[in-house]
Amino acid sequence: MSETNIDFTKEINIEKQYSPKEIESRIYDLWLKNESFKASDVSTKPPYAVILPPPNVTGFLHLGHALDHTIQDVLVRWKRMSGYNSVWVPGTDHAGISTQSVVEKNLAQEGILRTELGREKFVEKVWEWKNQYGDRIVSQMKRLGNSCDWDRMTFTLDEGVSKAVRKVFVNLYNKNMIYKGLKLVNWSPKLETAISDIEVEYKDVKGKLYHLAYPLEDGSGEIIVATTRPETMLGDTAVAVHPKDKRYSKWVGKNLVLPLTQRKIPIIVDDYVDQEFGSGAVKITPAHDFNDYEMGLRHNLPMINILNPNGTLVEGYGAFSGLKSQEARKKIVEALEEQGVIKNIENHAHSVGHCSKTGVIAEPFLSEQWFLKMNELSKPAIRSVESETTKFIPESWTKTYMHWMHNIQDWCISRQLWWGHRIPVWNCQDCQHVNVSEDDLTICQKCKSKNLVQDSDVLDTWFSSALWPFSTLGWPNNTEALKTFYPTNVLVTGHDIIFFWVARMMMQGLEFIKDVPFRTIYIHGLIRDSQGRKMSKSLGNSVDPVEMIDQVGADALRIALMSQLNTGKDLKFSEQRLETYRNFMNKIWNATRFAFIATEESHLDGKTFSDVSSKSEISVFDQWIVFKLGQVMESVDHDLENYRFSDAVNTLYSFLWNDFCDWYLEFSKPTLYSKDSALEKEKMATSLVLFQTLGRALKLMHPFIPFITEELYSKLAVKDSKILCTSEYPTMKNNKNLLAMGSKDAWEEVELLKLVISSIRNIRGENSIPLGQEILAHVVPKDEKSQKILSFHKTLIMKFCKLSEINFDDRTNKSKCAVSPLSFSGSSLEVIVPLEGIVDIDEEIKRLQKNIEKVKKDINILNQKLGNENFIKNAPEDLVESDKILLKEAEMKFRTLQESLNRLS
RNA sequence: GCGGAGUUAGCUCAGUUGGUAGAGUGCCAGCUCGACAAGCUGGUUGUCACAGGUUCGAGUCCUGUACUCCGCACCA
């Protein structure tokens, strides 16, 4: 470790209030200039790798990103400081549908239609758009403080990634795992493209159930069928009944006449039909319903497509043709009613699939698409989680993952879009050969014809995302980066994309690299507003993180988010909490300011970060804070190791604020401000310990609040490196020398002192004795050790409690006195404050009564426990013993309090 | 219907093997004590959702109930 000494300067140009704005941009530039975030492909250090879930390239940072990114940044910074070759690989996603829609909308405003522009020109426009806005999200990520290795920045349409995509496609095609087929898929009529099953969101809708009567061809009767979508009757190709349904058995095999079209359709039997529901007869529309589709396949029924890609009715249905399905429904219902076909309409709640991107109703639509077979791919992905080669945190997500994996369906990977990875398939117009190739083709591989046309579809965005953990590391080349960083350590993401992304990365990683893409999957909750509602534009409750950063700084936002992060639950965002941590930043700022104001330059001359004195030379307060510091290091290490971010934040918060500022800095003031030249040595020691402790605290907090800690660290008089973010993260191990200065004895001594001080302050506070009024106090220890400690710290107690005088002997006349009996670690003592002439004793009577009630309650509980034979018999011995001591102490306190109450009233 | 998470102070949440319920924030009172009013000091706040059970002892373990949230499936 290199030891650098920065000249200590007494010139304090630190403002009273922390203003993050100027500091943050300066500090981020400093990191970039020093290449602090760069990781090496080849290193002797152990690797630690995190791949950023790539945000939409034309998107902007929202609060969810802020949370997701901060978690990753904390981990990556922590590991970087802990001696790892720590890399965070950034990237952005082309986000096929979203980006295409945005650009299309934008062009439409200029009066330009995508279809008029043509594919090539349109894609050019999207690239222009990407180049214009692609940096916005990156600069926002930098404002948040993300310590990405920017040289590794990847875009999903980069050449390398595209190569990977094609290689994967061709490879899977050659293994017969990718196939093209005419199948019923989910379709977005607005986007006019197929979407995958998981891109459909089911919402409960209050609809109607229409009962239609279809007459038999031979006039022998009619069958009532029920439907929520009457317009689909145009595509009916059968009516199905249950094979055991006696009501219909006589008609099975006969034909019905479909109203409006007069088409003849058969009555068939199928087990799928529920006899109990409706009339027990189901109209079958194989081209527009998934269940009907399956039945159509089973019974070899014709599949009549009645919809155009944009959701309007196809030609051939007269006035209905060209209508959107909702209008068509209205008109068709009217027509059917006229003909007396509709027997009944009732209200019916059911859930309807909507396109998750646009919110329009998703239509089951018969079309030719590319599919990836998932069954074989899912097997190793299941095994890897079962064997805990990859672990979910929290573990409960394992079940969700498994359930989906076990019920996995083939994935529709083609999209009828222009923006994305075009499917690497060239169809020969002469010999009809399907050429599948990693390279662009101009000649048919079979007949050498030049008459080739590339498949017009692009791949689902998630197809390239699924390769992200290895495509970003250089695959298909066997790069050093891939060898070093794959499998990555942890994937951090929200639970909303476990199926879309996490599961698919697992499958592709195992298929192509033969190893899991990450060892741990950390799933965090989603951010909601202060009332627990989802954040959305329409509700107007979404919060712009950049605006928050402008207001309170990135650090405050980061630590506020992390302070709420536990057990993967969703978290409610509140600006109040943000303010709390803004204040915390200010506290840290001013604590450091104090360090400069209160210490003298000469005391730190030549001193280094790891210089320590001997225990005998530093004060008991120094020993106390160092002891606490050790505990903090241990606890934070444990919390980070176990992804307990809020615990780590709480530990650091209370150490810095309560232990360091409230007590240690106050304890150190009498020494530091002393003009007594005999105290020079103590001053020196305290100055050093103060700076050393502060330095460690800044380091410990750095992963959470990188900007302010880096800024303050740079000003420190003693430190062990120039740049905090690449310095060593403090642990019990690497701070052995310093921590050896801490001691348990010192801890006990100071805790006793704190107890006495607090109890006198309590008497002051409860009796409303103003600070300006000095008072007399008696502190009566019942044993020699406490006696020694307390008299040693006599002046300090007087200063802390604003006493005119302090006595350590028992006061003989305790009338008109406030009395507090105390016990600590086996010692007991009394604090007595004479109140005569100072305050009205009514308040003191109230205080005593309150304390008596409390002690009485304690005594009752303890008596009950200790009076219980079974407790004595069964409870651990040391518990029984400590309870006995507690009881004794409580009884003593009770007597003391009661006596002083008697004297007062 | 299946699965998951939850219910603890006014609010946001901790509570690791069972051993007298915690923090922050808010609220009340008093303070320009030589870093910080974005501060200091003191105080206030609970039928741990409900009902049973196991146990000497349950916020914690078991069973059931109610409510909230989130997935998935079904829905002619």
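Worth saying up front: this structure is predicted, and the values here are computed from it rather than measured. The chains referred to below are lettered A, B, ... by the order of the sequence lines, with proteins before strands, and numbering in each begins at 1.
As judged by a 4.0 angstrom heavy-atom cut-off over every strand, A/I498 is placed among residues making no nucleic acid contact. Note on A/E276: nothing from the nucleic acid sits closer than 4.0 angstrom, heavy atoms only. As judged by a 4.0 angstrom heavy-atom cut-off over every strand, A/P394 is placed among residues making no nucleic acid contact. In this structure, A/D274 reaches the bases: a heavy-atom distance under 4.0 Å links it to at least one base atom across the strands shown. Across all strands shown, A/H403 has heavy atoms under 4.0 Å from sugar-phosphate atoms exclusively, and none from any base. Within the 4.0 angstrom heavy-atom criterion, no nucleotide atom of any strand lies near A/N407. Across all strands shown, A/T228 has heavy atoms under 4.0 Å from sugar-phosphate atoms exclusively, and none from any base. At a threshold of 4.0 angstrom between heavy atoms, the contacts of A/R847 with the nucleic acid are absent.
Atom name C1', nucleotides B/U45 and B/C56: the rounded distance is 31 Å, in whole Å. Distance check on atom C1': B/U20 versus B/U60 gives 15 Å, rounded to whole Å. Here the separation of B/U41 from B/A5, taken at their C1' atoms, is 42 Å to the nearest Å. Atom P of B/G22 sits at a distance of 33 Å from the matching atom of B/U65, rounded to the whole Å. Between the C1' atoms of B/G34 and B/G46, the separation comes to 42 Å (whole Å). Here the separation of B/A23 from B/U32, taken at their C1' atoms, is 29 Å to the nearest Å. Distance check on atom P: B/U8 versus B/G59 gives 15 Å, rounded to whole Å. Taking the P atoms as reference points, B/U12 lies 16 Å from B/C27, given to the whole Å.
Under 3.5 Å, the side chain of A/Q564 and the base of B/A14 form no donor-acceptor pair of N or O atoms. If you check distances only, the side chain of A/K587 does reach the base of B/C36 with a donor-acceptor pair under 3.5 Å.
For B/G43, one of the phosphate oxygens OP1 or OP2 lies less than 4.0 angstrom from a side-chain nitrogen or oxygen of A/N762. Distances shown here put every side-chain N or O of A/K854 at or beyond 4.0 Å from the OP1 or OP2 atom of B/G43. The side chain of A/K16 contributes an N or O atom lying less than 4.0 Å from OP1 or OP2 of B/C36. The shortest distance between the side-chain N/O atoms of A/N874 and the OP1/OP2 oxygens of B/C56 is below 4.0 Å. Dashed line: the shortest gap from a side-chain N or O of A/K850 to OP1 or OP2 of B/U44 is under 4.0 Å. Checking the phosphate oxygens (OP1, OP2) of B/C36, no side-chain nitrogen or oxygen of A/R582 falls inside 4.0 Å.
When side chains are defined from C-beta on, A/H524 counts as touching A/L67, because their heavy atoms get closer than 4.5 Å.
For A/E766, taking side-chain heavy atoms from C-beta onward, the closest of the listed nucleotides B/A35, B/C72, B/G42 is B/G42. Relative to the side chain of A/K399, the nucleotides B/C70, B/A38, B/G4 differ in distance, and B/G4 lies closest. Of the listed nucleotides (B/C36, B/G19, B/U20), B/G19 has the atom at the smallest distance from the side chain of A/A875. Comparing B/G19, B/G4, B/G6 by their closest approach to the side chain of A/F871 singles out B/G19. Considering only side-chain atoms of A/R761, the nucleotide from B/A73, B/U41, B/A35 that sits closest is B/U41. The side chain of A/N583 lies closest to B/A38 when the candidates are B/G43, B/C36, B/A38. Taking the side chain of A/D647 as heavy atoms from C-beta on, and the options B/G42, B/C56, B/A14, the nearest nucleotide is B/A14.
Between the side chains of A/N186 and A/D197, at least one donor-acceptor pair of N or O atoms lies under 3.5 Å. Side-chain polar atoms of A/H350 and A/D204 form no donor-acceptor pair below 3.5 angstrom. For the residue pair A/S820 / A/R847, a side-chain donor-acceptor distance below 3.5 Å is found, with atom types taken as modelled. A/N590 and A/K16 are not linked by any side-chain donor-acceptor pair at a separation below 3.5 angstrom, with hydrogens and angles left out of the test.
With rounding to whole Å, A/H495 atom NE2 is found 13 Å from B/G6 atom P. Between the CG atom of A/D197 and the P atom of B/C72 there is a distance of 11 Å, given to the nearest Å. In this structure, A/E853 places its CD atom 13 Å from P of B/U45, rounding to the nearest Å. Separating the CG atom of A/L578 from the P atom of B/A38 is a distance of 16 Å, rounded to the nearest angstrom. The distance between atom CG of A/L712 and atom P of B/A35, rounded to the nearest whole Å, is 17 Å. Atoms CD (A/E201) and C1' (B/C72) sit 13 Å apart, rounded to a whole Å. Whole-Å rounding puts the A/L862 CG to B/G57 P distance at 17 Å. Rounded to an integer number of Å, the gap from A/H406 NE2 to B/G3 C1' is 13 Å.
Base-pair partner of B/A14: not found among the strands shown (Watson-Crick or G-U wobble, both distances under 3.5 Å). Nucleotide B/A5 has B/U68 as its partner under the Watson-Crick or G-U criteria, with both atom distances under 3.5 Å. When both distances must be under 3.5 Å, the Watson-Crick or G-U wobble mate of B/A58 does not exist. When both distances must be under 3.5 Å, the Watson-Crick or G-U wobble mate of B/G46 does not exist. Under the Watson-Crick or G-U wobble criterion, with both distances below 3.5 Å, B/G39 is paired with B/C31.
Remark: A/E891 does not engage A/K888 in a salt bridge, criterion side-chain N to carboxylate O under 4.0 Å. Taking the charged nitrogens against the carboxylate oxygens, A/R229 and A/E363 do have a contact shorter than 4.0 Å, which makes a salt bridge. Between A/D529 and A/K572 no salt bridge is recorded (no basic side-chain N to carboxylate O distance below 4.0 Å). The pair A/E346-A/K208 does not meet the salt-bridge criterion, since no charged nitrogen lies less than 4.0 angstrom from a carboxylate oxygen. Using a 4.0 Å cut-off between a side-chain N of Lys or Arg and a carboxylate O of Asp or Glu, A/E853 and A/K857 do not qualify as a salt bridge.
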Quick tally for nucleotides 22-34 of chain B: nucleotides whose base has a protein heavy atom under 4.0 Å get B, sugar-phosphate-only ones S, the rest -, giving --SS-----S-BB
Go through the steps for A/R298 and A/E294 under the test salt bridge (Lys or Arg N to Asp or Glu O under 4.0 Å), then give the verdict. CA-CA 6 Å; A/R298 281 200 291 275; A/E294 292 299 321; 5.0 Å; no
